[in-house]
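Heads up: the structure comes next, in structure tokens.
Keep in mind it's a predicted model, so treat the numbers as computed, not measured.
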Amino acid sequence: MTEEKAKPVNFIEKIINEDLASGKHSNIVTRFPPEPNGYLHIGHAKSICLNFGLAQQFAGQCNLRFDDTNPEKEEDEYVQSIQDDVRWLGFQWAGDIHYTSDYFDQLHAWAIDLIKAGKAYVCDLSAEQAKEYRGNFETPGKNSPFRDRSVEENLELFEKMRAGEFDEGACGLRVKIDMASPNMSMRDPYIYRIKKATHHQTGDKWCIYPSYDFAHGQSDAIEGITHSVCTLEFADHRPLYEWFIANLETPAEPHQYEFGRLNINYTVTSKRKLRALVEGKVVNGWDDPRMPTISGMRRRGYTPSAIRNFCDSLAVAKTDGTVDVAQLEFFIRDDLNQNAPRAMCVINPLKVVITNMAADHDETLTVPFLQDREELGSREMPFTNEIFIDQDDFKEEYSKKFKKKFCVGKRIRLRHGYVIQADGFEKDEQGNITQVNATLIENTLGCDPEDGDKPKGVVHWVSCKHAVEAELRMYSRLFTDANPDGGKKDFMECLNPESLVVKTGLIEPALASVAPETGFQFEREGYYVADRFDHSSDKPVFNLTIGLREDKSLNS
RNA sequence: AGGGGUGUAGCCAAGCGGUAAGGCAACGGGUUUUGAUCCCGUCAUGCGUAGGUUCGAAUCCUGCCACCCCUGCCA
């Protein structure tokens, strides 16, 4: 037995191991806390795989919590899509779905505790004034003139805020920490602000909402989260997170750990930019197959296991690097290669007439969907005297480079079928080859020609009479620049004009009736998937998931 | 400028004082009824940089450099 090298233990696993060994925790609880203000993308997939994966690995649990503290940006559409995406990826959260808004009453009570303890105050500074008072990196801030209001006054004002007696922005509740802190997030951060907006969960019950900082750690505490994992940009907030846990009577003391978010070249993963692509109609919605959203990748034909394998291949560390999209593509191909049924589709048809076969010959070949995977079954392929092969597979003149191609005097194997030999071809006035005439070599189904003249190449084909037209949506990368997210240029200016090319392909008849979202490898062409929404047997539509790897030595 | 974080190959990384794992990419070669897959091989005298400690340093110490994040009543 060759032992597989153990996967390195990442720093979060190390911490968990220590916490388990020391008895600090007897079981671990993580959470995936998206804000329902957009669709999940590949970066979230990494976080989902990490948080749910940690729970599985340590036999703990992972909660799904919607971090919904800002009613102006959040919508039900997103809470639905996020649930669908998490489940589709193959994960199930523990128990019911949680919402930060479930804890608004408790959070409100804690805010009052802070006021009573003299640790929070209602500040009437305008947003602009607050910014001035905050100072900047080299200048300490100044205390707000409202910082020393009495507990009674603060209680009364906060209650008025809650009751809707003030306009938005008129005031806010701040926590009294340190206006001179070098950490800007500790300069008396706001913990409650007025927003007279209807909340997707709590409706019009509240007109004041807790800030992310005031809600997150306490929500973790309420849910008994042991390891609260977030991305690097929150590292500066950790002291604040800890301040609330230390200054409030919380049921537990969760800890926050930060890891580097996933970046991939040739794509963008900021909600703002993804939204711009959707709203600018650059793509057809959040689930356009060119989008790095989970629903987009799904529609593209990426599989949950391929995405999970990719995420598991990524390091959980504190470096913020950019992963080459080729690494993602590797895992897509790897999964599809092992599991996708094979089928045939001719994209640029060239008719081949087999002259030694009767015009009414109609043979049915039973072909397995995937060699060595009998459970995937087989389909029937009609074989007749007129078939289509791809134009690129026939060459007028033989050359070393085309040793595997079809040309006059040479033989070729029809995949899963017979060997044929080209005798001649016809051209139109423009010089395009319009037809190849060939003869079938007898007794070559499943075996080599008896005369020992083995064909060098194999081609995919489809019976002219039986082929079905299918719309092929051929997708490729959305951006031509490796770093569309980079500062210099506008990401909208590096769009790939050929990210979607629509063609018509001729598929074997068995493919027309396939269910939406069924993925195939169209042999020698690439991986395709029946479109989740537009495919039907009346009008087959297949999306290009990803091409096959190409032998680069042939491109010279 | 203050604070937080990070620098190991083209990319992602392991390594935690004993002489540079692994994956992707790339490049050779073999097999093949998919020019796919699969198999085999090559790919850092070097760990941001300059010093220091040590028998021995990517690992410890000091200085310097580069990059990312932070001045929302966003998350």
- Quantified in whole Å, what is the C1' atom distance between nucleotide B:G15 and nucleotide B:A20? 8 Å
- Message: Is any side-chain heavy atom of A:Pro140 closer than 4.5 Å to one of A:Asp178?
- Response: no
- Message: Give me syn or anti for B:G72, where syn covers glycosidic angles within 90 degrees of 0.
- Response: syn
- Protein-nucleotide distance (A:Gln371, atom CD; B:C38, atom P), rounded to Å: 16 Å
- Task: Determine the interatomic distance between P on B:C60 and the same-named atom on B:A1; round to the nearest Å.
- Result: 27 Å
- In whole angstrom, give me the gap between the C1' atoms of B:C12 and B:A25. 11 Å
- Item | Atom-pair distance (CD1 on A:Ile42; P on B:C12), nearest Å | 16 Å
- Using the test side chain to side chain contact (heavy atoms under 4.5 Å, CB included), find all partners of A:Asp68 that sit at least two apart in sequence or belong to another chain. A:Pro36, A:Glu74, A:Tyr99, A:Thr100, A:Ser101, A:His199, A:His200, A:Gln201
- Message: My understanding is that only residues two or more places apart in sequence, or in another chain, count here; which of them pass side chain to side chain contact (heavy atoms under 4.5 Å, CB included) with A:Ala343?
- Response: A:Arg379, A:Glu508, A:Leu511, A:Phe520, A:Phe522
- Counting primed atoms, P, OP1 and OP2 as sugar-phosphate and everything else as base, the B/S/- map of nucleotides 66-75 of chain B against protein heavy atoms under 4.0 Å is --SBBBSBSB
- Note on the structure: Comparing nearest nucleotides in RNA chain B, the 5'-proximal residue of the pair A:Glu138, A:Asp393 is A:Glu138
- Does A:Lys271 have any side-chain hydrogen bond (donor to acceptor under 3.5 Å, both in side chains) partners at least two apart in sequence or in another chain, and if so, which? A:Asn37
- Nucleotide opposite B:G56 in a Watson-Crick or G-U pair, distances under 3.5 Å: none
- Query: When we call it a touch if two heavy atoms are under 4.0 Å apart, what does A:Ser181 touch: a base, just sugar-phosphate, or nothing?
  - Reply: nothing
- Message: Using the C1' atom as the point on both nucleotides, what is the distance between B:G56 and B:G18, in whole Å?
- Response: 7 Å
- Message: In whole Å, I'd like the distance from the CZ atom of A:Phe406 to the P atom of B:U34.
- Response: 17 Å
- Query: Which value, in whole Å, describes the distance between the P atoms of nucleotides B:A9 and B:G5?
  - Reply: 23 Å
- Message: How long is the straight-line distance from CD1 of A:Ile42 back to CD1 of A:Ile294, given to the nearest 0.5 Å?
- Response: 7.0 Å
Give me the distances for all protein-to-nucleotides 28-30 of chain B N/O pairs that come in under 3.5 Å?
none

- Pick base, sugar-phosphate or nothing for A:Lys318, based on heavy-atom distances below 4.0 Å to the nucleic acid. sugar-phosphate
- Rounded to the nearest angstrom, tell me the gap between atom CZ in A:Phe522 and atom P in B:U37. 19 Å
- Just jot down the side chain to side chain contact (heavy atoms under 4.5 Å, CB included) partners of A:Thr364, sequence neighbours excluded, or say none. A:Glu380
- Item | Spacing of the P atoms in B:U37 and B:C24 (rounded, Å) | 11 Å
- Any side-chain heavy atom of A:Asp213 within less than 4.5 Å of one from A:Tyr241? no
- With both distances kept under 3.5 Å, what pairs with B:C24, Watson-Crick or G-U wobble? B:G10
- Message: Regarding B:U34, can its base be found pairing with the side chain of A:Glu525 as donor and acceptor, where the two atoms are less than 3.5 Å apart?
- Response: no
- Message: Taking B:U54 as the reference, what is the distance to B:A44 when you measure between their C1' atoms (whole Å, please)?
- Response: 24 Å
- Item | Mate of B:C38 where both pairing distances stay under 3.5 Å, Watson-Crick or G-U | B:G30
- Query: Centroid-to-centroid, A:Phe158 to A:His108, below 6.0 Å?
  - Reply: yes
- Item | For B:G46, glycosidic torsion class - syn if within 90° of 0, otherwise anti | syn
- Task: Taking atom C1' in both B:A75 and B:G41, compute the distance separating them and give it to the nearest angstrom.
- Result: 50 Å
- Note on the structure: So the salt bridge (Lys or Arg N to Asp or Glu O under 4.0 Å) pairs with at least one residue in residues 306-317 of chain A (sequence neighbours excluded) are none
- Query: For A:Ala21, which residues count as a side chain to side chain contact (heavy atoms under 4.5 Å, CB included) partner, sequence neighbours excluded?
  - Reply: none
- Find the partner of B:C64: check Watson-Crick (N1-N3 plus N6-O4 or O6-N4) and G-U wobble (N1-O2, O6-N3) distances, both under 3.5 Å, and reply none if neither fits. B:G48
- Under the ring pair (Phe, Tyr, Trp, His ring centres under 6.0 Å) test, which residues partner A:Phe234, sequence neighbours left out? A:Tyr212, A:His237
- Have a look at A:Cys230 and say if it touches a base, only the backbone sugar-phosphate, or nothing, with a 4.0 Å heavy-atom cut-off. nothing
- Rounded distance in Å - NZ (A:Lys395) to C1' (B:G35): 13 Å
- Item | Sugar-phosphate, base or nothing in reach of A:Gly260, heavy atoms under 4.0 Å | nothing
- B:G15 phosphate, OP1 or OP2, under 4.0 Å from A:Lys14 side-chain N/O: yes
- Message: Distance check needed: B:G15 P versus A:Asn10 CG, whole Å only.
- Response: 10 Å
- Query: When all nucleic acid strands are considered with a 4.0 Å heavy-atom cut-off, which category describes A:Lys456: base, sugar-phosphate, or nothing?
  - Reply: nothing
- Query: Could you give the CD-to-P distance, from A:Glu13 to B:G15, as a whole number of Å?
  - Reply: 11 Å
- Message: Run the ring pair (Phe, Tyr, Trp, His ring centres under 6.0 Å) test against A:Tyr190 and tell me which residues pass, sequence neighbours left out.
- Response: none
For residues 315-324 of chain A, which side-chain donor-acceptor pairs fall under 3.5 Å, sequence neighbours excluded?
residue	atom	partner	partner atom	Å
A:Lys318	NZ	A:Glu258	O	3.2
A:Lys318	NZ	A:Glu258	OE1	3.3
A:Asp324	OD1	A:Ala326	N	2.9

- In whole angstroms, how far is the P atom of B:U34 from the CG atom of A:Asp390? 17 Å
- Does any non-hydrogen side-chain atom of A:Leu107 lie less than 4.5 Å from one of A:Ile191? no
Please tabulate the protein-to-nucleotide N/O contacts below 3.5 Å involving nucleotides 23-26 of chain B, giving atom names and distances.
residue	atom	partner	partner atom	Å
B:G23	N2	A:Gln327	OE1	3.0
B:C24	O2'	A:Gln327	N	3.4
B:A26	OP1	A:Lys552	NZ	2.3

